[in-house]
Amino acid sequence: MRVIALCHLKGGVGKTTGAVNLAYEAAQAGYRVLCWDLDPQGAATWYLGCEPDGPHGKRLVNTHQALSGSVSATAWPNLDCAAAHHTLRNLDVRLDRAGGQRVKILRRLLKPVAGRYDAVFVDCPPGLSRLAEAVFRTADTLLTPVIPSHLSLRAYDEVVRELDRLGIYRRSLYPYFSLVDRRRAMHRQWLAQPPESMVNVLQSWVPAAVDNERMGEHRAPVNAFAPRSRAARAWRALWQELELRLHMSPPAHTSEGAG
């Protein structure tokens, strides 16, 4: 089971949108996928048509109950959701108290679902925290959406410095450009020549398209309601490139639902 976390220091860069749409694209490709919403706001949970603040999420924080107890099916085959809960805001405190055991806590939560899923997409809350550190150490792959702007790049560089501080091999970090508006000169320039600090940049990028905003209207990934749209094509291309970069192979099992 591959753990792929979407993380960034800033909010509003398209992290949750990325987690939901990439999880959906992977599920459509036949992978058994879990989208784990670690943000207490519960946006990913809500986008996937599930309800945040269920009782299982609270027990997850208070007792470190296995993640499997927080999982519910979505409307789409092969795609499940581990719902958020508002008490996830306390998870950082509990991980801080755990000291050197904090990484083991996340791995213990994930262990019972390892046989059920091929990939877990983790939607992380913004910021650098004990939770972020635990996710950085647990995930196999880190995806960071970057808006082509100096402020967004500065936040990305902070993530890179944190990985260096933790001694985590930076090769597992893949940035990609998000909310791209090709009418802007800087956006076009950065697409053609990314800043030097951005290594392993994915060539596929996500436009600032209205269909991404319509996810809240439909409570669904873009490709589920606008499959021919520019945004849907972008998410599909981003997933296919990521799948290739990570040397993932389509699973042999049939598409009968993850849970």
Side-chain angles (χ1 to χ4, degrees), residues 2-26 29 119 121-128 132 135-136 139-215 221-223 226 228-248:
R2 187 180 295 271
V3 179
I4 302 170
L6 282 96
C7 56
H8 203 289
L9 183 66
K10 279 175 54 60
V13 296
K15 183 171 43 60
T16 296
T17 309
V20 170
N21 282 287
L22 290 172
Y24 176 84
E25 293 298 333
F121 286 85
V122 184
D123 182 25
C124 303
L128 297 178
V135 170
F136 289 168
D140 303 297
T141 303
L142 300 172
L143 295 180
T144 305
V146 178
I147 301 173
S149 71
H150 292 292
L151 190 59
S152 185
L153 178 64
R154 178 177 178 270
Y156 164 79
D157 289 339
E158 286 292 326
V159 172
V160 171
R161 280 191 284 271
E162 179 68 5
L163 294 178
D164 289 342
R165 185 186 71 82
L166 296 173
I168 297 175
Y169 194 32
R170 208 184 301 176
R171 195 171 182 178
S172 63
L173 176 65
Y174 292 87
Y176 66 91
F177 286 116
S178 176
L179 299 176
V180 174
D181 184 350
R182 289 186 59 87
R183 295 172 299 180
R184 300 185 179 186
M186 181 180 290
H187 287 216
R188 295 194 303 270
Q189 291 168 4
W190 284 24
L191 286 179
Q193 184 63 52
E196 291 183 4
S197 64
M198 293 180 65
V199 296
N200 294 333
V201 184
L202 296 174
Q203 297 300 306
S204 303
W205 48 271
V206 179
V210 67
D211 285 309
N212 288 325
E213 300 174 10
R214 292 176 63 210
M215 288 173 60
V222 173
N223 223 329
R228 297 183 180 179
S229 66
R230 186 165 55 112
R233 293 195 301 271
W235 289 117
R236 193 179 305 118
L238 186 64
W239 159 249
Q240 290 171 349
E241 181 181 356
L242 182 64
E243 181 184 32
L244 185 63
R245 289 277 195 111
L246 299 182
H247 305 289
M248 296 177 67

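Quick caveat: nothing in here was measured; it's all calculated off a predicted structure.
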Engineer: Would you call L163 and L142 a side-chain contact if the rule is heavy atoms closer than 4.5 Å?
Structural biologist: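 Yes, at least one pair of side-chain atoms sits under 4.5 Å.
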
Engineer: How far apart are the closest heavy atoms of R233 and R228, and which atoms are they?
Structural biologist: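 Distance-wise, the nearest heavy atoms are NH1-O, 2.8 Å.
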
Engineer: Could you state the interatomic distance from CG (L143) to OG (S178), rounded to the nearest 0.5 Å?
Structural biologist: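 Nearest 0.5 Å value for the CG-OG distance: 11.5 Å.
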
Engineer: Which atoms form the tightest heavy-atom contact between F121 and A19, and what is the distance?
Structural biologist: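 Closest heavy-atom pair between F121 and A19: CB-O, 4.2 Å.
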
Engineer: What closest approach, in Å, do R236 and N223 show between heavy atoms, and which atom pair accounts for it?
Structural biologist: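 Answer, listing the atom of R236 first, then N223: NH2-ND2, 3.0 Å.
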
Engineer: Could you report the tightest heavy-atom contact between M186 and P148, atom names first, then the distance?
Structural biologist: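 Nearest heavy atoms, M186 then P148: SD-O, 3.6 Å.
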
Engineer: E162: which residues meet the side chain to side chain donor-acceptor pair (under 3.5 Å) condition with it, sequence neighbours left out?
Structural biologist: R165

Engineer: Report the residues that fulfil ring pair (Phe, Tyr, Trp, His ring centres under 6.0 Å) with W205, sequence neighbours left out, ordered by chain and then residue number.
Structural biologist: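 Expected list: none.
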
Engineer: With a 4.5 Å heavy-atom cut-off, do T141 and Y174 have their side chains touching?
Structural biologist: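 The answer is yes; the side chains approach within 4.5 Å.
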
Engineer: Please list every donor-acceptor pair under 3.5 Å in which a side-chain atom of residues 11-18 meets a protein atom from a residue at least two apart or in another chain.
Structural biologist:
unit_1 : atom_1 : unit_2 : atom_2 : d
K15    : NZ     : C124   : O      : 2.5
T16    : OG1    : D123   : OD1    : 3.3
T16    : OG1    : D123   : OD2    : 2.8

Engineer: Is it the case that the side chain of E241 and the backbone of Q203 share a donor-acceptor pair, with hydrogens and angles ignored and the cut-off at 3.5 Å?
Structural biologist: yes

Engineer: Could you pull out all residues at least two apart from D211 that satisfy side chain to side chain donor-acceptor pair (under 3.5 Å)?
Structural biologist: R214

Engineer: Just wondering, more than 12 heavy atoms not from R154 lying within 6.0 Å of its CZ?
Structural biologist: no

Engineer: Return the OG1 to CE distance between T144 and M198, rounded to the nearest 0.5 Å.
Structural biologist: 8.5 Å

Engineer: Work out which heavy atom in C7 is nearest to a heavy atom in P145; give both atom names and the distance.
Structural biologist: O-CD, 4.0 Å

Engineer: Given side chains that start at C-beta, do those of Y156 and K10 come closer than 4.5 Å, heavy atoms only?
Structural biologist: no

Engineer: Strictly by modelled atom types, are N212 and W235 linked by a side-chain donor-acceptor pair under 3.5 Å?
Structural biologist: yes

Engineer: R230: which residues meet the salt bridge (Lys or Arg N to Asp or Glu O under 4.0 Å) condition with it, sequence neighbours left out?
Structural biologist: none

Engineer: Does the side chain of V222 come within less than 4.5 Å of S229's, by heavy atoms?
Structural biologist: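 Heavy-atom side-chain distance check passes, below 4.5 Å.
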
Engineer: Quick one: does I4's side chain get under 4.5 Å of V122's, heavy atoms only?
Structural biologist: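 In short, these two side chains do not touch, never coming nearer than 4.5 Å.
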
Engineer: Please find the pair of heavy atoms, one from M215 and one from N21, that lie closest to each other, and give the distance.
Structural biologist: SD-ND2, 3.3 Å

Engineer: Check the pair N200 / L173 against side chain to side chain contact (heavy atoms under 4.5 Å, CB included), numbers first and verdict last.
Structural biologist: CA-CA 7 Å; N200 294 333; L173 176 65; 5.6 Å; no

Engineer: Do V206 and L238 come close enough that some side-chain heavy atom pair is under 4.5 Å?
Structural biologist: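 V206 vs L238: side chains touch.
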
Engineer: Any side-chain heavy atom of E25 within less than 4.5 Å of one from Q240?
Structural biologist: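 When only atoms from C-beta onward are counted, Q240 and E25 do not touch, as no gap falls below 4.5 Å.
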
Engineer: Could you list all the side chain to side chain donor-acceptor pair (under 3.5 Å) pairs where at least one residue sits in residues 181-199, not counting sequence neighbours?
Structural biologist: D157-S197, D181-R183

Engineer: Side chains of V199 and V160: closer than 4.5 Å at any heavy-atom pair?
Structural biologist: no

Engineer: Rounded to the nearest 0.5 Å, what's the gap from CD on E243 to CG on L22? Could you check?
Structural biologist: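 One gets 11.5 Å once the value is rounded to the nearest 0.5 Å.
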
